[in-house]
Participant: 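Take a look at this one; I'll ask things after.
Numbering of ligands and ligand atoms starts at 1, following listing order. Values below: every heavy atom of this structure, side chains too, minus hydrogens, waters and symmetry copies.
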Amino acid sequence: MNTFEELESNVRYYCRRWPAVFAQAHGATILDEDGVAYLDFFAGAGALSYGHNNPALVEVAIEHLRAGKLMHSLDTFTVEKRNFLAAVQRYVLEPRQLDMVVQTVGPTGATAVEAALQLAQRITGARAVVGFEGSYHGMTYRTASISASMAGRKTSAHLKDFVALPYVANVTDDDLDVLARTLRTDVDGQRIGAVIVEPTQGEGGARPFDPAYLRAIREQCTELGILVIADEVQAGVGRTGPFFSFEGSSLDPDIICLSKSISGLGVPMAINLVRRSLDTWSPGEFSGTFRGNNLAFATSATMLETYWSDAELEKSTEQKGLTVRNSLQHMASEYGRGAFTVRGNGLLCGLDVADTELAAKIAEDAFRRRLIVETCGAGDTTVKLLTPLVISDDELNEGLDRLHDAVAYATSH
Ligand SMILES: Cc1ncc(COP(=O)(O)O)c(C=O)c1O
């Protein structure tokens, strides 16, 4: 461990929660250098929805490298990009009747959000942004400015052309009034150009918005010529069951930001899906060296074909999500004394324990029991479960048993 302490910046974070040196991983299991196996209920903050080293995708990656295919290509045409674009069209856009184009951006979620905000400003001529309390959009200056501050991850970034509305679980007339007023009011002397929303908040504590509220956002924004950006970086690519977490809500976003699990293998990649009629970029206006990650294109195309050519994965995610929430509900009634709440949908779930220290204690004890879970939410009071979508029932039940023991221990010590 000394190497890390001596040579790595103090900003390191997750390693403080999970003080092991990891060496190998497969599926929902991650092993440290001594061969100790942990169940991974964090899945790379949602970047490993298809498991560590998914065998089908590993084969694609090995073949890609062996055959001497391109790794880096900026945004030139490549065979892999053509296959990827066709797979997005066939398995994602067409079935949902979305007339959108793919914009490749630098490989992080934050870059996708940056690009979305810049396009919205370009189209509307309005710079201010409306977002939501509890949201998280990244760590660049702009994306951090439109994110909620979380304990342990505070940033000094605070651009002023942003206003955060409250998270809405069950919409009321008051919420609609506040939304309508906010969208019509300048912020820091700037008109509102975009609303950005995580339809199910990830870092904010596994919190789905009321679909009726998402529909209201769409209606109001259409009326005012404001763009709707769905940040699906964490909740998308099947995490909540359907491919997009907004499905069924009528949010009908103008721009959809995707990253994390879009490559399937954890290879960094981010894209925006942009409504075709709004794709008004001029060539090169938004650029970046690491667009066109051909390895990620190749694994992503296979992931889309393998998991999104039918409804099996979506059904299994919903089923496993029910198992998780039933189990969390059980823990809440047994140990929560009325203070715990269960949240989320699909396999983006959380147990909010209304107490920062208790949540940290549960996560710490879970690690002692070889289970990796993270805390999140404003105040870090939610124990969040992001299992790989491909986790087996046995592993899922085993992990939930370990979490149950951790909750029992932490609430009684
Ligand atoms: C919803 C959401 N948007 C954006 C980001 C930023 O992605 P990245 O860390 O790849 O910049 C995250 C990261 O957790 C996220 O959860």
Participant: Step through it carefully: locate the ring centre of Tyr335, locate the ring centre of Phe340, and say whether they are under 6.0 Å apart.
Facilitator: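 No, ring centres 6.0 Å or more apart.
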Participant: Report yes if the side chains of Thr306 and Leu313 come closer than 4.5 Å at any heavy-atom pair, otherwise no.
Facilitator: no
Participant: Thinking salt bridges, do Arg218 and Asp254 make one under a 4.0 Å N-O criterion?
Facilitator: yes
Participant: To which protein heavy atom is atom 10 (O) of ligand 1 closest, and what is the distance rounded to 0.1 Å?
Facilitator: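 The closest one turns out to be Gly109 N, 2.8 Å.
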Participant: Specify the protein heavy atom at minimum distance from atom 3 (N) of ligand 1: its residue, its atom name, and the distance to 0.1 Å.
Facilitator: Asp231 OD2, 2.6 Å
Participant: Considering only NZ, NE, NH1 and NH2 on the basic side and carboxylate oxygens on the acidic side, decide whether Asp99 and Arg275 come within less than 4.0 Å.
Facilitator: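 Salt bridge absent between Asp99 and Arg275.
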Participant: Using distance alone, determine whether Gln234 and ligand 1 share an N or O pair under 3.5 Å.
Facilitator: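 There is such a contact, yes.
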Participant: Taking both backbone and side-chain atoms of Val233, is any N or O found less than 3.5 Å from an N or O belonging to ligand 1?
Facilitator: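 In fact, backbone or side chain, Val233 has no N or O that close.
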Participant: Does only the side chain of Lys260 get under 4.0 Å from ligand 1, or the backbone, or both, or neither? Count heavy atoms.
Facilitator: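 Under 4.0 Å from ligand 1, Lys260 contributes side-chain atoms alone.
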Participant: Which of the numbered atoms in ligand 1 are below 4.0 angstrom from a heavy atom of Glu198?
Facilitator: 1 (C)
Participant: Mark up the atoms of ligand 1 that fall under 4.0 Å of a heavy atom belonging to Thr108, in ascending order.
Facilitator: 10 (O), 11 (O)
Participant: Can you check which of Ala110, Ser259, Gly204 brings a heavy atom nearest to atom 11 (O) of ligand 1?
Facilitator: Ala110
Participant: How far is atom 2 (C) of ligand 1 from its nearest protein heavy atom, and which residue and atom name does that atom have?
Facilitator: Tyr136 O, 3.2 Å
Participant: Do Arg368 and Tyr409 meet the cation-pi criteria used here (NZ or CZ under 6.0 Å from the six-membered ring centre, within 45° of the axis)?
Facilitator: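 So Arg368 does make the cation-pi contact.
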Participant: How about Tyr91 and Tyr307: are their ring centroids closer than 6.0 Å?
Facilitator: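 Judged by ring-centre distance (under 6.0 Å), Tyr91 and Tyr307 do not meet the cut-off.
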Participant: Would you confirm whether the ring centroid of Trp18 sits within less than 6.0 angstrom of the ring centroid of Phe42?
Facilitator: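 That pair passes the under 6.0 Å test.
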